[in-house]
Amino acid sequence: MDKTDWKLLKEIADLEKTPQGAYNIRRNGQLDSRSTTANIDITTKTGGKSGIDIRVKPGTKKESIHIPVIIQATGFTELVYNDFFIGEDCDVDIVAGCGIHNTGCETAQHDGLHTFYIGKNSKVRYVERHYGEGEGEGKRIFNPQTVVYLEEGASIQMETTQIRGVDSTKRDTKIVVGKDAEAVITEKLLTHGSQTAQSDMEIVLDGAGASGRVISRSVAQGQSKQVFYPKMTGNAACFGHVQCDSIIMDQAQVSSIPAIAANHVDAQLIHEAAIGRIAGDQLLKLMTLGLTEEEAEEKILDGFLQ
């Protein structure tokens, strides 16, 4: 890999060298390198589909899995299927994401379907980052799909981040939460220029004692457009909370359309949505400390998206 590849890996997976533990690095549609451990196996899919299967043995604790994708080939488009089979009583971190460096005139696109089967009482922290760069006129497009099935007592902490460089994205997320299981999604998104972003989420609280939380924070600049469709459904005695906050700037457009659906008398569901501009008093306070207006805006936006 060259310097650009490593820069992409730093942006999407915070990697400056080959990671410890299990990993699978995909470059321009091909396997670049792979490592497995005694408890984590990674195999290439068969049967005509592109992607990998990741199997984690029951009882695996404090191990990590890195599965970044990097693309430098303009005009390259791929659809990847990755399936995760997490055994019972596990505690693992999974770091995914894709970086595209496009200096050409054609579109570079990565679409991925990640499906998680998380066993009883297991804990998964899943981090996914998307990043685009390159001075070419070619577009950088990401369309990720994530499906999660949580068995009894299992949990997933899912963090998704997309900050600059992505011309178009459509995110689809569905999580089915079993008895006493928990799903927490934190989404951070920034668009600028003429970029577009759509995020569809569905959290189904299917078992007694299930809980779910969605925290979405976004910034829309320039002429960009964002649309959010988070939905929480309660099919049992459960608790769910959806919170969507957006900052709108310039001539951007933001639509936030949260929905909650209770199909059980003991389902407790809450949704909140707020869209607004940066408060003038916040800017003024920072400018009195010596920052320019642009620097003050950046400070506020950085803090908002943390």
Side-chain angles (χ1 to χ4, degrees), residues 1 5-6 8-46 49-71 78-99 110-131 142 144-151 153-162 171 173-175 181-188:
M1 292 187 290
D5 292 326
W6 283 109
L8 293 174
L9 287 173
K10 175 64 176 177
E11 292 286 350
I12 64 174
D14 202 25
L15 291 177
E16 295 180 339
K17 60 181 181 179
T18 302
Q20 298 294 314
Y23 65 86
N24 187 96
I25 299 177
R26 183 180 179 89
R27 182 179 185 274
N28 290 333
Q30 302 295 323
L31 173 64
D32 179 85
S33 56
R34 175 183 294 169
S35 177
T36 61
T37 70
N39 296 318
I40 301 172
D41 194 26
I42 303 175
T43 57
T44 301
K45 277 196 174 298
T46 59
K49 283 187 176 181
S50 181
I52 54 177
D53 289 332
I54 300 98
R55 298 182 184 275
V56 180
K57 290 182 179 180
T60 300
K61 307 280 187 180
K62 305 302 180 183
E63 292 200 39
S64 64
I65 307 164
H66 288 78
I67 55 165
V69 174
I70 51 179
I71 297 173
E78 66 175 351
L79 172 59
V80 177
Y81 299 84
N82 295 334
D83 290 339
F84 302 79
F85 303 91
I86 313 297
E88 295 184 359
D89 298 309
C90 293
D91 187 344
V92 295
D93 292 346
I94 301 172
V95 180
C98 180
H110 174 77
D111 297 346
L113 173 56
H114 288 186
T115 304
F116 293 80
Y117 304 90
I118 302 178
K120 187 176 179 180
N121 296 324
S122 284
K123 298 179 180 180
V124 172
R125 179 175 176 266
Y126 176 63
V127 178
E128 181 182 85
R129 299 173 185 162
H130 288 154
Y131 171 76
F142 300 89
Q145 299 179 60
T146 306
V147 180
V148 181
Y149 299 98
L150 292 170
E151 294 188 13
S155 68
I156 186 167
Q157 300 266 345
M158 183 172 163
E159 301 175 14
T160 64
T161 303
Q162 179 177 299
R171 310 182 60 89
T173 304
K174 180 177 181 179
I175 303 181
E182 179 185 46
V184 179
I185 302 176
T186 303
E187 179 180 65
K188 294 179 284 186

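- Annotation: side chain of Glu78 is in contact with side chain of Ile71 (closest heavy-atom distance under 4.5 Å).
- Proximity of Arg125 to Glu159: side-chain heavy atoms (C-beta onward) are separated by under 4.5 Å at one or more points.
- When each of Thr173, Asn82, Asp83 is tested with His114 by the rule side-chain hydrogen bond (donor to acceptor under 3.5 Å, both in side chains), just one qualifies, namely Asn82.
- Using a 4.5 Å cut-off on side-chain heavy atoms (C-beta onward), Thr18 and Ile25 make no contact.
- Annotation for Ile12 and Cys98: closest pair CG2-O, 3.5 Å, computed over non-hydrogen atoms.
- Contact record, Gly119 with Ala154: O-CB, 3.4 Å, taken as the closest heavy-atom pair.
- Every pair passing side chain to side chain donor-acceptor pair (under 3.5 Å) that includes a residue from residues 54-66 is listed here, sequence neighbours excluded: Thr37-Glu63, Asn39-Glu63.
- The nearest pair of heavy atoms linking Ser50 to Arg26 is OG-NH2, 2.8 Å.
- Here OG1 of Thr36 is found 11.0 Å from CD1 of Ile65. Values are rounded to the nearest 0.5 Å.
- The distance from atom OG1 of Thr44 to atom CG of Asn24, rounded to the nearest 0.5 Å, is 7.0 Å.
- Ionic pairing of Arg129 and Asp14 is not present here: no N-O contact between side-chain nitrogen and carboxylate oxygen is shorter than 4.0 angstrom.
- With contacts defined as side-chain heavy-atom distances shorter than 4.5 Å, the pair His110/Val80 qualifies.
- Under the salt bridge (charged side-chain N to carboxylate O under 4.0 Å, His left out) criterion, Arg27 pairs with Asp5, not counting sequence neighbours.
- How far CD of Glu182 is from CD of Gln157: 6.0 Å, rounded to the nearest 0.5 Å.
- In this structure Phe116 satisfies the ring pair (Phe, Tyr, Trp, His ring centres under 6.0 Å) test together with Phe84, Tyr126, sequence neighbours excluded.
- A side-chain donor-acceptor contact under 3.5 Å links Ser122 to the backbone of Gly87.
- With rounding to the nearest 0.5 angstrom, the OG atom of Ser35 is 9.5 Å from the CD1 atom of Ile40.
- Contact check for Pro144 versus Gln162: no side-chain heavy atoms found under the 4.5 Å cut-off.
- Shown here is Lys45, whose NZ atom has more than 12 heavy atoms of other residues, nucleotides or ligands within 6.0 Å.
- Across every non-hydrogen atom of Leu15 and Pro68, the tightest pair is CD1-CG, 4.4 Å.
- Residues satisfying the ring pair (Phe, Tyr, Trp, His ring centres under 6.0 Å) criterion with Tyr81, sequence neighbours excluded, are absent altogether.
- His130 pairs by the ring pair (Phe, Tyr, Trp, His ring centres under 6.0 Å) definition with Phe142, not counting sequence neighbours.
- Distance check: Phe85 CZ to Ile54 CD1 gives 9.0 Å after rounding to the nearest 0.5 Å.
- The line from CG of Asp32 to OH of Tyr23 is 8.5 Å long, rounded to the nearest 0.5 Å.
- Taking Ala183 as the reference, Leu150, Ile156, Ile175, Val177 meet the side-chain contact (heavy atoms from CB on, under 4.5 Å) condition, with sequence neighbours excluded.
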